[in-house]
Amino acid sequence: MEQMTMERATGSPARTAHRGTVISALVGAVVGGVLWLAWQPTTQDCNTIGECLGRPIGALIGTVLALLVTLLVLRLLRVRPVFVTTVLGFAGGAALIVTLITVLDVWSDGPDGLAPWWTWVLLGGLAAALAHWVNQPGRSWPARVVPIVVVIGLVFAGLTWAESERAAQRLARFEAVGVEQVVTPQVPGYHLSSAWPGQRAEGSVDVITLNYYADAEGAHQPVTGVLIPLEGRDPCGLALSAESMTDRECDGGTEAMRLRWSGADGQVFYVGAGQVVGDTLVVLTADPETFDAEALLEAIEAATPSSVVELRDL
């Protein structure tokens with residue numbers, strides 16, 4: 001009896017560590033799959049505010065419950081240490097999964113979504129096993145620190161690449177519009193808040209849209225600017241595509257176009273101004289109670305040179 005006790009004591013630490021690593025990996029894999037199921041509904045279309053808010057809240061509640069259940073399961077299975085292994089595994093797994101989702105979304109240049117379910121299972125098991133392994137008694141400091149540094153390095157490298165690639169893709173979309181001479185009108189009391197490439201006139205006109213907001217919050221309606229590559233087309237026709245209304249007027253030449261968009265009853269909804277700068281048509285539109293065409297034309301004449309890189313970085 002005494003000999004059996006000594007043999008059990010001699011082989012116990014190695015077997016216990018190996019057993020704990022395997023159990024942690026299995027539990028982490030299961031938790032990864034469960035969390036994928038919990039977060040999957042957040043990627044689907046929603047129709048009501050309750051539905052749109054309820055899904056993320058439900059997923060967060062599910063994540064917290066998964067954390068608590070994991071603590072209980074590891075304790076029942078006598079995997080030690082419980083708390084540190086669970087917290088470190090969740091943190092590492094979450095960081096790796098978020099990084100993977102970000103990289104895949106940028107790589108595919110598609111809508112945001114979740115990575116495949118099997119990647120959650122794989123990363124969950126890997127993070128849990130690694131968290132248990134580094135926390136075992138007797139590990140040297142390098143053995144504890146190096147795996148954590150590697151995980152942090154992978155996360156940092158992945159997010160850095162994604163940010164750089166996303167900026168490159170956004171710049172390519174700006175350049176694809178074909179605006180050669182980029183200028184930004186200077187609207188008094190307003191600042192240029194954002195810019196994005198897009199289309200007007202039901203997709204037939206490529207433009208760069210500029211959004212101006214008042215320096216004093218809530219003081220005025222926003223002002224919209226549009227940069228359109230002229231490419232030998234009719235300036236008035238292009239300028240009127242800045243707003244999608246059927247009743248519209250364009251007066252003046254290429255140096256001073258005055259624009260107006262009205263409803264069927266004659267009520268003016270938008271006023272605007274346009275001017276050809278090089279091979280670029282610059283248009284500003286605003287609410288008629290905020291600016292008139294003359295003030296918008298002065299803002300265009302005060303435009304300063306810019307670039308698609310500066311617009312991308314707004």
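Position 1 is the first residue of the sequence; numbering continues from there.
Nearest approach of Leu210 to Val183, heavy atoms of both residues: CD1-O, 4.3 Å. Looking at every heavy atom in both residues, Gln44 comes nearest to Arg55 through O-NH1, 3.0 Å. Shown here for Val177 and Pro229, the closest heavy-atom pair between the two residues is O-CG, 3.3 Å. Between Ala127 and Gly92, the closest heavy-atom pair is CB-C, 4.2 Å. Closest of all the heavy-atom pairs between Ile300 and Ala273 is CD1-O, 3.3 Å. Summarising the geometry of Pro56 relative to Cys52, their closest heavy-atom pair is CD-O, 3.0 Å, with the distance given to 0.1 Å.
Considering only heavy atoms from C-beta on, Thr224 comes within 4.5 Å of Thr209 through its side chain. Contact annotation: the side chain of Leu96 never approaches that of Leu100 to less than 4.5 Å [non-hydrogen atoms, C-beta and beyond]. Looking at heavy atoms from C-beta onward, Val146 lies out of side-chain contact with Ile148 at the 4.5 angstrom threshold. Using a 4.5 Å cut-off on side-chain heavy atoms (C-beta onward), Trp196 and Ile208 make no contact. A 4.5 Å side-chain heavy-atom check between Val205 and Gln199 finds every atom pair outside the cut-off. Contact check for Leu72 versus Leu68: no side-chain heavy atoms found under the 4.5 Å cut-off. For the pair Thr285 and Val271, the minimum side-chain heavy-atom distance is 4.5 Å or more. Looking at heavy atoms from C-beta onward, Met257 lies in side-chain contact with Leu281 at the 4.5 angstrom threshold.
From Leu74, atom CG reaches atom OG1 of Thr70 across 6.5 Å, with rounding to the nearest 0.5 Å. Atoms CG and OG1, on Leu311 and Thr184 in that order, are 7.5 Å from each other to the nearest 0.5 Å. Rounding to the nearest 0.5 angstrom, the gap separating the CG atom in Leu259 from the CG atom in Leu284 is 10.0 Å. In this structure, the separation between CG on Leu159 and CZ on Arg166 is 9.0 Å, given to the nearest 0.5 Å. Rounded to the nearest 0.5 Å, atoms CG (Asn135) and CZ (Arg144) are 6.0 Å apart. The structure places OG of Ser307 at 10.0 Å from CD of Glu175, a figure rounded to the nearest 0.5 Å.
A donor-acceptor distance shorter than 3.5 angstrom exists from the side chain of Arg233 to the backbone of Leu230, with no hydrogens or angles considered. Looking at Thr85, its side chain never comes within 3.5 Å of a backbone N or O of Val82 through a donor-acceptor pair. For the pair Ser164 (side chain) and Thr160 (backbone), a donor-acceptor distance under 3.5 Å is absent. Between the side chain of Gln136 and the main chain of Arg80, a donor-acceptor pair closer than 3.5 Å is present. A side-chain donor-acceptor contact under 3.5 Å links His191 to the backbone of Tyr213. Under the 3.5 Å distance criterion, the side-chain polar atoms of Glu51 are matched with a main-chain donor or acceptor of Asn47. Here the side chain of Thr290 pairs no donor or acceptor atom with the backbone of Ala286 at under 3.5 angstrom. With Arg173 contributing its side chain and Gly198 its backbone, the two residues share no donor-acceptor pair below 3.5 Å. For the pair Arg170 (side chain) and Arg312 (backbone), a donor-acceptor distance under 3.5 Å is present.
The 12-atom threshold is not exceeded at CD of Glu289, counting heavy atoms of other residues, nucleotides or ligands nearer than 6.0 Å. Shown here is Arg75, whose CZ atom has no more than 12 heavy atoms of other residues, nucleotides or ligands within 6.0 Å. Within 6.0 Å of atom CD in Glu163, 12 or fewer heavy atoms from other residues, nucleotides or ligands are found, so the atom counts as exposed in its surroundings. Atom CD of Glu231 is surrounded by more than 12 heavy atoms from other residues, nucleotides or ligands within 6.0 Å. Summarising the local packing, CD1 of Ile49 is surrounded by 12 or fewer heavy atoms from other residues, nucleotides or ligands at distances under 6.0 Å.
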Check the pair Val31 / Val69 against side chain to side chain contact (heavy atoms under 4.5 Å, CB included), numbers first and verdict last.
-> CA-CA 9 Å; Val31 171; Val69 170; over 6 Å; no

Start with the C-alpha distance between Ser262 and Arg248, add both sets of side-chain angles, then the distance that settles side chain to side chain contact (heavy atoms under 4.5 Å, CB included), and finish with yes or no.
-> CA-CA 6 Å; Ser262 307; Arg248 47 194 185 175; over 6 Å; no

Show your reasoning for whether side chain to side chain contact (heavy atoms under 4.5 Å, CB included) applies to Ser306 and Leu192.
-> CA-CA 12 Å; Ser306 185; Leu192 181 57; over 6 Å; no

Apply the test side chain to side chain contact (heavy atoms under 4.5 Å, CB included) to residues Trp39 and Thr42: give CA-CA distance (whole Å), side-chain angles for both, the deciding distance (0.1 Å), then the verdict.
-> CA-CA 6 Å; Trp39 286 95; Thr42 62; 4.0 Å; yes

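Here side-chain hydrogen bond (donor to acceptor under 3.5 Å, both in side chains) pairs that include residues 271-281, with residues two or more places apart or in two chains, number zero. Residue pairs satisfying the ring-ring contact (aromatic ring centres under 6.0 Å, His included) criterion with at least one member in residues 272-314, sequence neighbours excluded, are listed as follows: Tyr190-Phe291.
Salt bridge present: Arg258 and Glu294 bring a charged side-chain N and a carboxylate O closer than 4.0 Å.
Following chains of ILVMFWY side-chain contacts shorter than 4.5 Å, one cannot reach Ile61 starting from Trp120, and the two form parts of different hydrophobic clusters. Criterion: ILVMFWY side-chain heavy atoms under 4.5 Å apart, direct or through other members. Under it, Phe156 and Val106 are not part of a common hydrophobic cluster. Under the 4.5 Å side-chain contact rule for hydrophobic residues, Val151 and Val149 do not share a cluster. When the side chains of ILVMFWY residues are joined at heavy-atom separations under 4.5 Å, either directly or via intervening members, Leu65 and Val30 end up in two distinct hydrophobic clusters. Grouping the Ile, Leu, Val, Met, Phe, Trp and Tyr side chains by contacts below 4.5 angstrom, directly or via other members, places Val277 apart from Leu297.
No donor-acceptor contact under 3.5 angstrom links the side chains of Trp133 and Ser24, judged on distance only.
Between Trp261 and Tyr270, the ring planes are perpendicular. Angles over 60° get that label, and only those under 30° would be called parallel.
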